[in-house]
Each structure stands twice: as structure tokens, then as C-alpha cells.
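In this text, all values refer to a predicted model and were calculated from it rather than measured experimentally.
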Amino acid sequence: MKECLPKQRIKTKLRLFFYLSALYAPPVPAPGPMVPPASMFGNVPGYEDTLAGGGGGYLPPPLPLHPTQDPEPAPVPQDWNIPSITEDVARERFILYASGYCCYNNAPAKDGVITNMQAFNTYRYRLETFTESRSTEWATKPYEGEPADFYTQTAPRPWEIPVTGPSLFQNHEENIKVPYTSSKKVFVCLSVCLCLNHKGLFSIKVCWVCNGSGRREGDSPCSQCNQRGRENCSKCHGNGTKECETCKGKQQLLTYINLKVEWKDNVEDYVVEQNSGLEVDNLSDVTGKTLFKNAQYMLYPVYGFPDPSLSQASDRLIREHQAKYSQNSRILQQQQTIELIPITKVTYKWKGGIHVYYIYGNEHQVKVPDYPATCCCSIM
């Protein structure tokens with residue numbers, strides 16, 4: 001009867017085989033996690049277009065059982081103006097701004113004479129459409145004794161699976177294992193760690209510090225590789241094998257359909273041009289006074305606003321959102337707001353020159369296009 005080789009001798013022979021095979025083979029890219037074959041996944045009614053890894057795309061929601069009510073116009077305020085800031089506030093914020101820069105002389109902020117303050121009523125219309133979308137894909141995980149319920153009952157359709165969503169207008173995502181789609185499958189994998197140097201060797205590579213000599217500059221011993229001239233693979237520690245990243249060494253997988261549910265607050269802004277000289281991009285970081293707010297399942301555009309461009313933007317954005325997001329998602333709620341963002345253009349005189357700065361938003365942010373007294377400084 002043939003004597004079985006000890007485990008250590010088998011391991012040594014395997015390592016030698018891998019070493020010699022790689023020594024005379026051209027370099028190849030290191031393998032990634034093994035991908036389960038498509039034949040491993042079953043066929044579930046209602047999920048025929050579901051793919052592995054890429055999914056089947058977002059799934060159109062079913063039509064509502066009952067017709068929805070038409071949106072109703074909301075009452076709009078008559079007063080669209082708010083008081084401008086005082087000169088004391090304008091000067092205080094300017095001094096605080098200049099004090100925040102080590103290279104700014106605060107003399108212009110303290111001694112400059114304010115000659116004019118011009119207020120601009122800048123309106124920002126914001127439309128939010130809160131949606132829920134669902135997509136499916138075949139997924140796998142290492143089998144850990146979970147029940148395999150494939151075909152024990154009919155799997156519910158994607159939009160039939162009950163899910164508790166977040167608060168309105170809050171982004172959130174959940175992944176749910178679709179009931180009655182799980183199967184236990186045997187997974188045959190090759191768990192070989194491939195460490196490549198310029199010769200394509202397995203499990204070892206030339207030390208990057210001493211370049212394989214075992215000695216550093218000045219003929220001192222290389223501590224990186226302990227004078228061996230090579231380093232072991234950090235994943236397999238020179239053994240030539242490592243745990244399979246797909247099945248975690250169990251050689252069994254649980255296949256199932258994963259349902260990804262995504263709630264998203266789709267936001268779009270429109271800012272009425274105010275010709276103050278301040279760029280609109282600066283307004284994205286500030287808030288304004290909320291003059292109007294309306295939330296419904298489906299919104300009615302804002303009409304009766306003093307600036308017709310805002311009413312036109314409201315009508316256009318609502319139509320675009322409802323056409324865009326109802327195709328592959330379910331619209332849960334819409335919300336529209338109008339904010340008045342205060343902008344004050346301050347003109348001041350300092351040392352015979354005329355200069356300007358802006359104060360804007362509820363936060364009284366300051367924007368200075370060209371501060372007149374700066375110096376070059378360095379930290380010693």
C-alpha cells in the first residue's frame with residue numbers, strides 16, 4: 001500500500017511547483033476574486049432580467065391603484081421684501097472679515113467712510129422631489145448555514161416587498177435579500193497568491209530597499225528583509241496560498257437576489273438675477289428668509305410672483321421633475337420654497353479711492369472683490 005506523504009512535504013512540493021512554474025513563465029497580472037459563473041444563478045419568475053453584479057437597472061414602479069388628486073395652488077404672500085441691514089452691522093462685519101486675514105491691514109474697514117448702501121432683493125426658488133427607486137441583482141456571500149428557501153414559495157415582486165423608508169427628503173439606501181430566492185451552491189476555487197517581480201515569481205519578491213542584495217548603502221545589513229534580499233507576500237506570507245476572497249475558504253456560496261432600495265432628495269435651484277455684481281455661486285453657502293413653502297404629492301407651480309421669470313422657472317422645473325423621475329422611480333413627495341437672500345452692496349471711500357464689498361445671506365457673509373490694503377507676510 002502506498003504511503004501517504006506528510007502534509008508538510010505536500011505543501012513544500014506545491015510551493016516548489018508554483019515557484020518553478022512562475023520562473024519560466026511570462027509575467028501575468030495578479031488574479032482578483034473569482035467570479036461565480038452565470039450558470040450558478042437560478043431563474044426566478046418576475047426577475048428574468050436580473051443580472052449578477054450589474055443588476056437589471058432601475059425598475060419602473062407599478063401604476064397607483066387609485067387616481068391621484070390634481071395639485072392645488074397654494075396661497076402666496078403679498079409682501080416680498082425685507083428690511084436691509086444697518087450701517088453699524090455693515091461696518092462690524094467688514095472689520096471682522098479684515099481681522100481674519102493676517103496680511104490685511106484693518107484700516108480700510110475701521111476708517112473707511114461708507115458713502116452708499118444698496119440693497120438687492122434676490123430670490124431663490126428651490127424644488128425638491130423625493131423619490132424611491134428599486135433595482136435588483138444576483139449576489140453571493142460565503143455560506144454560513146443560512147436556510148436556502150429558493151422555490152419554497154413564490155418570490156414577491158420587487159415593488160411588493162415592504163420597506164420602511166426614512167423621513168421625507170432624507171437620502172437613504174437599503175439592501176434587502178429577496179425572500180425565497182436563496183440557494184446553496186458548491187464553489188470550486190483556486191486560492192493561489194501571486195506575487196510578481198520582474199521575473200514573475202510566486203510568493204516572493206525582490207526587496208525594494210536593498211534591491212535583492214541583502215545590504216543597504218554603506219554595506220549595512222538590510223533590516224527590511226533581514227538580509228535575505230526578498231520579501232514574503234503580505235497576503236500569504238510566502239506560503240503560496242491564501243483564503244479565497246469570494247467564498248472565504250468555505251467553498252460554498254449562498255446565491256440570492258439583492259434588492260437595492262434608494263431614497264433620494266432631488267434638488268434643483270433657480271436664482272433670480274439681481275445685477276448686484278455678486279456672483280450667484282456665492283449664494284449656495286448661505287440661507288435666506290423663507291417667504292413661501294409648499295409640499296404636496298404633486299405640486300402646482302407658483303403663480304403671482306412679482307418677477308415672472310421665477311414663475312416660469314417653477315412651472316418648467318415641476319414639469320421636468322415629474323417627467324424625469326416618474327419613469328424609473330416612485331415620487332413620494334414634492335416641496336417648493338422661495339427664499340429672499342439679502343444682498344447689500346456697500347460703497348466706501350478710503351484714502352481718496354472708492355471701493356465696494358458685499359454682505360449677503362442670513363449669516364452676513366462678506367465678499368470683498370479687491371481689498372485695498374494688503375501686505376506680503378511670512379511665518380518665521
(Q) Taking the basic N atoms (NZ, or NE/NH1/NH2) and the acidic carboxylate oxygens, is any pair closer than 4.0 Å for E279 and K367? (A) no
Q.
If you apply the rule side-chain contact (heavy atoms from CB on, under 4.5 Å), what do you find for L283 with I343, and how did you get there?
A. CA-CA 10 Å; L283 305 181; I343 298 177; 4.0 Å; yes
Q: For residues F130 and S167, report the shortest heavy-atom separation together with the two atoms involved.
A: CZ-O, 3.7 Å
Q: Keeping the roles fixed (side chain from E363, backbone from T287), state whether a donor-acceptor pair exists under 3.5 Å.
A: yes
Q.
Could you walk me through whether R126 and E128 satisfy the salt bridge (charged side-chain N to carboxylate O under 4.0 Å, His left out) test, starting with their C-alpha distance in whole Å, then the side-chain angles of each, then the deciding distance to 0.1 Å, before giving a yes or no?
A. CA-CA 7 Å; R126 172 168 293 169; E128 299 175 75; 5.8 Å; no
Q. Only one of Q322, R316, H321 clears side-chain contact (heavy atoms from CB on, under 4.5 Å) with I318; which?
A. Q322
Q: Indicate, with yes or no, if I95 and V89 share a hydrophobic cluster defined by side-chain heavy-atom contacts under 4.5 Å among Ile, Leu, Val, Met, Phe, Trp and Tyr.
A: no
Q.
Restricting to non-hydrogen atoms, name the atom on P158 and the atom on L259 that form the minimum distance, rounded to 0.1 Å.
A. O-CD2, 3.9 Å
Q: Take E173 and K264 through the test salt bridge (charged side-chain N to carboxylate O under 4.0 Å, His left out) and record every step on the way to the result.
A: CA-CA 9 Å; E173 183 178 308; K264 188 174 181 181; over 6 Å; no
**Q.** Heavy atoms from other residues, nucleotides or ligands near OH of Y180 exceed 12 (cutoff 6.0 Å)
**A.** no
**Q.** Within-4.5 Å side-chain heavy-atom neighbours: Q365 and N282
**A.** no
(Q) Between P308 and S311, is there a side-chain heavy-atom distance shorter than 4.5 Å? (A) no
Q) With hydrophobic residues grouped by side-chain heavy-atom distances under 4.5 Å, do F292 and V272 end up in a single group? A) yes
Q.
According to side chain to side chain donor-acceptor pair (under 3.5 Å), who are the partners of S329, at least two apart in sequence or on a separate chain?
A. none
Q. Is the ring centre of Y357 less than 6.0 Å from the ring centre of F94?
A. yes
Q. Can you name the nearest heavy-atom pair linking W350 to A373, along with the distance?
A. CH2-CB, 3.9 Å
Q) V267 and L332: same hydrophobic cluster, using ILVMFWY side-chain contacts below 4.5 Å? A) no
Q: Please collect all side chain to side chain donor-acceptor pair (under 3.5 Å) contacts where either partner lies in residues 337-347, sequence neighbours excluded, each pair once.
A: R124-E339
Q: For R134 and R330, indicate whether the former's side chain and the latter's backbone hold a donor-acceptor pair under 3.5 Å.
A: no
Q) Which atom names give the shortest non-hydrogen contact between P156 and I161, and what distance separates them? A) CG-CG1, 3.8 Å
Q | Nearest-0.5 Å distance, CD1 of residue I85 to CZ of residue R91 | A | 12.0 Å
Q: Specify whether Y123 and F305 have parallel, tilted or perpendicular ring planes, treating 30° as the upper limit for parallel and 60° as the lower limit for perpendicular.
A: perpendicular
Q. Is there a donor-acceptor pair under 3.5 Å between the side chain of N175 and the backbone N or O of K260?
A. no
**Q.** Full working for side-chain contact (heavy atoms from CB on, under 4.5 Å) between T246 and L253
**A.** CA-CA 8 Å; T246 304; L253 292 176; 4.2 Å; yes
Q | Spatial distance of atom OG (S183) from atom CD1 (I257) [nearest 0.5 Å] | A | 9.5 Å
Q. Can any side-chain N or O of N258 pair as donor or acceptor with the backbone N or O of W138 at less than 3.5 Å?
A. no
Q) Hey, mind stepping through V286 and Y360 against side-chain contact (heavy atoms from CB on, under 4.5 Å) and telling me if it holds? A) CA-CA 8 Å; V286 298; Y360 56 98; 3.7 Å; yes
Q. Would you say S276's side chain and L278's backbone share a donor-acceptor pair under 3.5 angstrom?
A. yes
Q.
In terms of relative ring orientation, are Y371 and Y104 parallel, tilted or perpendicular, with 30° and 60° separating the classes?
A. parallel
Q | Test item: Q336 side-chain N/O and Y300 main-chain N/O as donor-acceptor pair under 3.5 Å | A | yes
Q | Distance in Å, Y125 OH paired with Q312 CD, rounded so as to fall on 0.5 Å steps | A | 13.0 Å
Q) Do you know the tightest heavy-atom contact between Y348 and V356? A) CE2-N, 4.0 Å
**Q.** Spacing of D315 atom CG and L299 atom CG [to the nearest 0.5 Å]
**A.** 12.0 Å
**Q.** Contact check, side chains of T50 and V44, non-hydrogen atoms, under 4.5 Å
**A.** no
Q) If only atom types and distance count, is the side chain of D265 paired as donor or acceptor with the main-chain N or O of N171 below 3.5 Å? A) no
Q. Tell me, do T131 and W263 make a side-chain contact under 4.5 Å, heavy atoms counted?
A. no
Q: With rounding to the nearest 0.5 Å, note down the distance linking CZ in R319 to OG in S314.
A: 10.0 Å
Q) Taking side chain as C-beta onward, heavy atoms only, is R215 less than 4.5 Å from C210? A) no
(Q) If we ignore hydrogens and angles and just use 3.5 Å, is the side chain of E160 paired with the main-chain N or O of R157 as donor and acceptor? (A) yes
Q: Please name all residues satisfying side chain to side chain donor-acceptor pair (under 3.5 Å) with S309, sequence neighbours left out, ordered by chain then number.
A: Y270, D307
Q.
Here's a test for you: under side-chain contact (heavy atoms from CB on, under 4.5 Å), which of E144, K185, K177 qualifies with L254?
A. K177
Q. Does some side-chain heavy atom of W159 sit less than 4.5 Å from a side-chain heavy atom of E132?
A. yes
Q: Given side-chain contact (heavy atoms from CB on, under 4.5 Å), test K184 with Q252 step by step and report yes or no.
A: CA-CA 7 Å; K184 182 180 71 171; Q252 285 185 321; 4.0 Å; yes
Q: Output yes when a side-chain donor or acceptor of N328 lies under 3.5 Å from a complementary backbone atom of L59, and no otherwise.
A: no
Q) Do you know which two heavy atoms are closest between I359 and A90, and how far apart they sit? A) CD1-CA, 3.4 Å
Q) So how far is it from F169 CZ to Q334 CD, rounded to the nearest 0.5 Å? A) 8.0 Å
Q.
Contact between Y325 and N266 at the side-chain level, heavy atoms closer than 4.5 Å - yes or no?
A. yes
Q: May I ask you to test the N106-D111 pair for a side-chain heavy-atom distance under 4.5 Å?
A: no
